[in-house]
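Positions are given from 1, in the same order as the sequence printed here. Each ligand, and each atom within it, is numbered from 1 in the order the structure gives. Source: prediction; values computed, not measured.
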Amino acid sequence: MEYTKPYRSLFGEDGILEPFAKKIERRLGDMEGFFADEEAYKSLLKEDPLIYTVYEMPAPAEEGQFSYATTILYPGKVGEEYFMTKGHYHAKRGTGEIYVGISGCGVLLMQTQEGEVKSMEIVKGTVAYVPPYWAHRTINTGGENFVFLAIYPADASHDYGSIAEEGFAKILVERDGRPRLIGKDEY
Ligand code: M6P
Ligand code: ZN
């Protein structure tokens with residue numbers, strides 16, 4: 001039997017994982033249809049800002065293995081809606097995930113296939129559990145980078161399709177200077 005060799009990485013408040021095996025950068029242009037305000041999306045697209053960067057250490061995609069990744073979600077808004085990750089279900093639906101806040105502040109938004117929504121704040125030191133079957137997305141509600149660590153089964157695999165098509169039932173917008181969760185049709 002071939003054993004996977006143990007390994008580790010270090011990260012600081014900036015969230016850069018050392019070492020990392022994979023770096024994913026998502027710009028606004030990679031997120032067409034994700035934000036509610038299409039006009040605001042189009043006008044910001046001229047700058048095509050970087051929305052988030054993921055540093056990943058994927059383990060072999062086998063049952064029992066774990067991958068980990070840090071995400072740096074930059075501050076900003078598209079119209080009234082805060083910068084956020086695409087969000088996904090796990091392709092292997094019965095797998096969960098753990099998030100650990102490193103710096104900045106944000107919200108972890110979760111939703112079941114039946115449309116039940118849960119949101120929780122994440123700050124430095126928060127550990128949050130995403131149980132199996134919940135789609136998950138993170139949102140930066142602050143003025144600085146929102147940085148967190150995620151640990152998930154290596155064979156979970158991302159299912160972006162359902163979110164790209166239907167989105168989340170709720171979106172997080174800034175109203176009177178504060179974050180407010182509203183129905184996506186209330187924008
Ligand atoms: C976290 C984990 C990763 C995910 C990343 C960005 O680090 O959940 O698996 O890739 O956030 O989120 P998304 O894949 O939804 O863009
Ligand atoms: Zn996940």
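- For the Zn ion (ligand 2), the set of nearby N, O or S atoms under 2.8 Å includes one belonging to H90.
- The contact set between ligand 1 and Y152, taken as ligand atoms under 4.0 Å from a residue heavy atom, comprises 9 (O).
- Using a 4.0 Å cut-off to heavy atoms of R26, the atoms of ligand 1 that qualify are 16 (O).
- Using a cut-off of 4.0 Å between Lys/Arg side-chain N and Asp/Glu carboxylate O, E56 and K23 are scored as not salt-bridged.
- Minimum interatomic distance between D37 and V78 (heavy atoms only, all atoms of both residues): O-CG1, 4.1 Å.
- Nearest N/O/S atom of E97 with respect to the Zn ion (ligand 2) is recorded as OE1.
- To the nearest 0.5 angstrom, L108 atom CG is 8.5 Å from I139 atom CD1.
- S9 and Y68 are linked by a side-chain donor-acceptor pair at a separation below 3.5 angstrom, with hydrogens and angles left out of the test.
- Close N/O approach between H158 and ligand 1 is found [any backbone or side-chain N/O within under 3.5 Å].
- Residue G87 has at least one nitrogen or oxygen atom sitting less than 3.5 Å from a nitrogen or oxygen atom of ligand 1, judged on distance alone.
- Atom 12 (O) of ligand 1 has as its closest protein heavy atom T85 CB, 3.7 Å.
- Between E25 and Y52, the closest side-chain pair of non-hydrogen atoms is not below 4.5 Å.
- Defined by atom type and a distance below 3.5 Å, a donor-acceptor pair is present between the side-chain atoms of H136 and H88.
- Atom 14 (O) of ligand 1 has its closest protein heavy atom at Y160 OH, 2.5 Å.
- With respect to R93 and D159, a salt bridge is recorded, a charged nitrogen being found less than 4.0 Å from a carboxylate O.
- Those atoms of ligand 1 that come under 4.0 Å of a heavy atom in E97, given as number and element, are 2 (C), 8 (O).
- Here atom 6 (C) of ligand 1 lies nearest to Y52 when heavy atoms of Y52, Y55, Y99 are compared.
- The protein atom (non-hydrogen) at minimum distance from atom 5 (C) of ligand 1 is T71 OG1, 3.7 Å.
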Check the pair E174 / R180 against salt bridge (charged side-chain N to carboxylate O under 4.0 Å, His left out), numbers first and verdict last.
-> CA-CA 6 Å; E174 187 175 278; R180 246 185 71 195; over 6 Å; no

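- For F148 and Y99, the ring centers are positioned less than 6.0 Å apart.
- One option in H90, E56, H88 has a heavy atom closer to atom 15 (O) of ligand 1 than any other, and that option is H88.
- For H88 atom NE2 and H136 atom NE2, the angle they make at the Zn ion (ligand 2) is roughly 90°, to 10 degrees.
- Using a 4.0 Å cut-off to heavy atoms of A150, the atoms of ligand 1 that qualify are 1 (C), 2 (C), 7 (O).
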